[in-house]
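Basis for what follows: all heavy atoms, side chains included, without hydrogens, waters or symmetry-related copies.
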Amino acid sequence: MSANIRNIAIIAHVDHGKTTLVDAMLKQSHIFRDNQQVGELIMDSNELEREKGITILAKNTAIVYRGTKINIIDTPGHADFSGEVERVLNMADGCLLIVDAVDGPMPQTRFVLRHALQKLLKPIVVINKIDRPFARPVEVANMVQDLFLELATDAEQLEFPILYADAKDGYALADLKDPHRSMEPLFEAILKHIPPPSGEVQGAFQLLVAALGYDSHLGQIAVGRIARGKISTGDQLAHIKRDGTMTLHKITKLFVFEGLSRREIAEAEAGEIIALTGLEDVAISDTIAAADQPEALPAIDIGEPTVQMTFGVNTSPFAGRDGRYVTSRQLRERLQAELQTNVSLRVQDTDTPEVFLVSGRGELHLSILIETMRREGYELQVSKPEAIVKVVNGRKHEPYELLVLDVGEESIGVLTENLASRLAQMTDMRSDGHGRVRMEFKLPTRGLIGFRSFFLRATGGNGVMNSLFTGYEPLHGEVKSTRTGALIAAETGVAVAYGLNNAQQRGMTFIEPGTLVYEGMVIGTYARDSDLVVNICKEKKQTNVRASTDDVAIRLTPPIRMSLEESLDFIVEDETVEVTPKNLRLRKRVISNDARYRQRRGKVRSAATASA
């Protein structure tokens with residue numbers, strides 16, 4: 001049975017066409033009805049995935065080609081979601097490494113290939129998007145071979161097929177001179193080069209949980225590849241947790257993947273990727289084994305988080321107006337539930353019971369979690385992300401990253417100047433001869449925090465930025481802040497045009513007339529380094545000469561609108577972002593203007609006393 005199965009993972013850098021390639025494979029395998037409307041980016045079913053145009057969660061699907069079932073695992077390409085890649089690679093025997101025909105190997109290409117080779121997966125390289133202007137498939141193929149020479153652990157891994165594809169038009173080529181027909185050359189390469197799954201069918205059952213799902217009727221669903229033995233519906237199996245505790249459960253239903261759905265089956269054997277129900281409190285990396293021979297499999301190795309921030313109960317004067325879940329108990333339960341599936345996440349208690357320390361792989365990793373919770377109806381306030389510092393041999397170490405920028409030549413000066421203040425060191429710069437430049441920098445993660453929003457403004461959106469965690473190095477230097485002061489609301493009320501006009505003479509504002517504000521809320525940026533308290537609720541008083549309705553004639557500059565990621569980049573240590581289902585507000589941690597003044601005065605006195 002397992003001889004007619006191939007298990008493959010689709011791995012690549014972000015935006016190199018993984019999900020589009022899976023689309024083409026699904027459509028040409030004839031798993032859909034002729035009249036079925038499936039659209040594009042079929043596997044990106046999550047609302048946030050479609051909005052942001054990236055894959056966030058690894059997903060399973062399967063097709064049948066010439067009597068052989070091909071289990072496909074679509075993985076994220078963004079480095080912040082690399083934990084998703086790490087947890088699912090153990091289900092595969094081979095991988096399709098997708099590389100853009102223009103960009104060539106990028107930082108995440110190196111990361112996913114290194115992990116695939118460490119797990120001894122058989123690779124097939126697909127040079128995608130060969131239809132793009134300035135495509136250079138032959139040169140990119142040579143670059144991929146150089147990457148294999150650098151990362152391979154034995155000589156056999158240097159033998160791999162290279163195919164060329166345009167996934168959008170639905171064809172793959174074994175040779176660039178071949179006619180453009182279909183994805184058949186890719187299917188044939190999978191059958192020829194990817195080995196059938198290994199595993200002893202006669203041994204005691206073993207499965208490592210690599211993914212989880214939930215059904216309102218069936219309950220929790222565990223997904224994994226059968227490492228050994230057979231399983232049938234109704235079997236009594238042992239659930240072994242990572243701490244070694246064990247419970248017995250009866251399997252109620254078994255499923256295999258088929259297209260975009262699951263098909264119920266009665267039994268399965270080693271090598272198959274299955275979903276099963278009947279278990280409780282299952283976590284990723286748990287083992288499901290035979291009850292009479294309960295042997296745990298090695299846990300999935302997941303990289304450490306590099307960025308942390310606090311999630312706390314919303315304490316603003318407007319708390320509870322928008323959200324359904326506002327208490328610390330509800331926030332704790334939601335974060336603990338996220339730990340079941342988000343393997344790269346860590347949650348710790350703090351000295352304050354209403355605040356939790358949440359760690360992840362990067363700003364985007366944590367901001368996606370915040371946005372998801374916001375859409376579910378949660379209210380919370382979050383701090384600025386900061387790099388995780390650890391002590392090694394008595395010395396502080398911090399995470400470092402490789403930053404790759406693809407920009408126009410006109411942006412080189414402003415970007416290198418800004419990155420120099422962030423402790424970045426340029427390691428490479430290459431021009432493509434068409435006005436575009438690729439620059440590579442090495443810099444600490446704390447220097448990268450907040451750079452994305454500056455990059456978008458500096459390039460006018462005409463640039464590509466990618467980064468990859470490379471390791472920990474000794475902490476040194478200070479990142480220079482480019483943030484100026486803030487305009488702070490003086491009182492609670494409704495912002496009016498007259499008050500905002502006065503504020504705009506001192507800086508740029510984030511809100512428009514009619515917006516509800518409260519004391520301590522950040523409503524704009526100030527041109528100087530210090531903060532300025534402004535009364536934007538102040539109306540022009542009616543007099544014998546002039547009516548208060550003269551405000552209608554005031555023309556205001558349109559407010560700056562910031563996304564969640566931009567808001568997290570903007571705030572400083574004494575500020576937080578208030579996140580509700582309907583609003584994003586920036587605020588001071590201490591909202592009372594008088595209390596903040598007394599706090600500053602106390603610090604000045606303490607500093608003067610210490611120096612004396």
Side-chain angles (χ1 to χ4, degrees), residues 307-320 326 328 331 348-358 370 379-389 446 449-450 478-493 495 499-500 502-503 506-511 515-538 562 566-580 583-612:
V307 173
Q308 64 186 14
M309 60 195 299
T310 60
F311 285 42
V313 173
N314 185 12
T315 58
S316 85
F318 296 166
V326 297
S328 61
L331 182 59
Q348 299 171 258
D349 291 330
T350 65
D351 296 336
T352 307
E354 295 84 12
V355 179
F356 306 94
L357 184 64
V358 182
I370 297 167
E379 277 193 20
L380 64 155
Q381 62 187 35
V382 295
S383 68
K384 184 179 182 66
E386 56 185 33
I388 298 175
V389 176
R446 60 189 168 105
I449 293 174
E478 181 179 352
V479 175
K480 298 176 182 177
S481 175
T482 56
R483 157 75 189 269
T484 58
L487 298 176
I488 314 297
E491 61 182 33
T492 300
L500 284 172
N502 290 333
R506 294 164 173 81
M508 296 178 289
T509 55
F510 302 152
I511 62 173
T515 303
L516 286 170
V517 300
Y518 54 81
E519 180 185 8
M521 181 172 159
V522 177
I523 56 93
T525 61
Y526 187 32
R528 300 184 181 180
D529 291 336
S530 58
D531 294 338
L532 179 67
V533 177
V534 292
N535 188 354
I536 56 172
C537 304
K538 179 182 178 182
M562 290 196 292
E566 290 170 333
S567 299
L568 293 173
D569 287 346
F570 176 81
I571 60 175
V572 292
E573 286 73 15
D574 68 336
E575 296 167 354
T576 62
V577 180
E578 178 189 351
V579 181
T580 76
N583 294 289
L584 286 175
R585 302 185 186 98
L586 311 185
R587 51 159 285 186
K588 291 292 183 180
R589 288 182 185 269
V590 179
I591 61 173
S592 169
N593 295 322
D594 291 338
R596 287 201 312 279
Y597 174 73
R598 290 193 298 269
Q599 198 176 66
R600 285 197 304 272
R601 189 173 59 183
K603 287 182 179 179
V604 171
R605 287 179 176 175
S606 299
T609 304
S611 62

- prompt: Is there a donor-acceptor pair closer than 3.5 Å between any side-chain N or O of K384 and the backbone N or O of T576?
  reply: no
field: Least distance between heavy atoms, P385 atom then V307 atom
entry: CB-CG1, 3.6 Å
field: Beyond-backbone contact of E491 with N535, side-chain heavy atoms, under 4.5 angstrom
entry: yes
task: Side-chain contact test, heavy atoms from C-beta onward, threshold under 4.5 Å: evaluate it for R506 versus N502 and give yes or no.
output: yes
Closest contact, heavy atoms only, V326 versus V313: O-CG1, 3.3 Å
- prompt: Under 3.5 Å, side chain of E519 to main-chain N/O of N593, donor-acceptor pair present?
  reply: yes
Side-chain donor/acceptor of N314 to backbone N/O of S316, under 3.5 Å: yes
- request: Would you confirm whether R446, through its side chain, and A387, through its main-chain N or O, come within 3.5 Å as a donor-acceptor pair?
  value: no
field: Side-chain donor or acceptor of T352 paired with backbone N/O of E354 under 3.5 Å
entry: no
- prompt: Are the side chains of Y526 and T484 in touch, meaning some heavy atoms are under 4.5 Å apart?
  reply: no
- prompt: Going by heavy atoms in the side chains, are M562 and L584 under 4.5 Å from each other?
  reply: no
query: Hey, is the main chain of L357 close enough, under 3.5 Å, to the side chain of T350 for a donor-acceptor pair?
result: no
- prompt: Does atom CZ of R528 have more than 12 heavy-atom neighbours from other groups under 6.0 Å away?
  reply: no
message: Any side-chain to backbone donor/acceptor pair from S567 onto V577? Under 3.5 Å, distance only.
response: no
message: With rounding to the nearest 0.5 angstrom, report the CZ to OG distance, F356 to S328.
response: 5.5 Å
message: Using the rule side-chain contact (heavy atoms from CB on, under 4.5 Å), only one of V533, L532, I536 pairs with L487; which is it?
response: L532
query: Are C537 and V517 close enough that some pair of their side-chain heavy atoms sits under 4.5 Å apart?
result: yes
query: Pick from I571, T310, L568: which one makes a side-chain contact (heavy atoms from CB on, under 4.5 Å) with V382?
result: L568
- line: The residue among K588, R589, R587, Q381 that forms side-chain hydrogen bond (donor to acceptor under 3.5 Å, both in side chains) with E575 is K588
Contact check, side chains of F510 and I523, non-hydrogen atoms, under 4.5 Å: no
query: Any side-chain donor-acceptor pair under 3.5 Å between E379 and T580?
result: no
- prompt: With distance as the sole test, does D531 use its side chain to make a donor-acceptor pair with the main-chain N or O of G485 at under 3.5 Å?
  reply: no
query: Would you say M508 has more than 12 foreign heavy atoms packed within less than 6.0 Å of its CE?
result: no
message: Under 6.0 Å from the ring centre and within 45 degrees of the ring axis: does the NZ or CZ of R483 meet both conditions for the six-membered ring of F570?
response: yes
query: Looking at side-chain heavy atoms only, is the closest gap between I511 and L500 below 4.5 Å?
result: yes
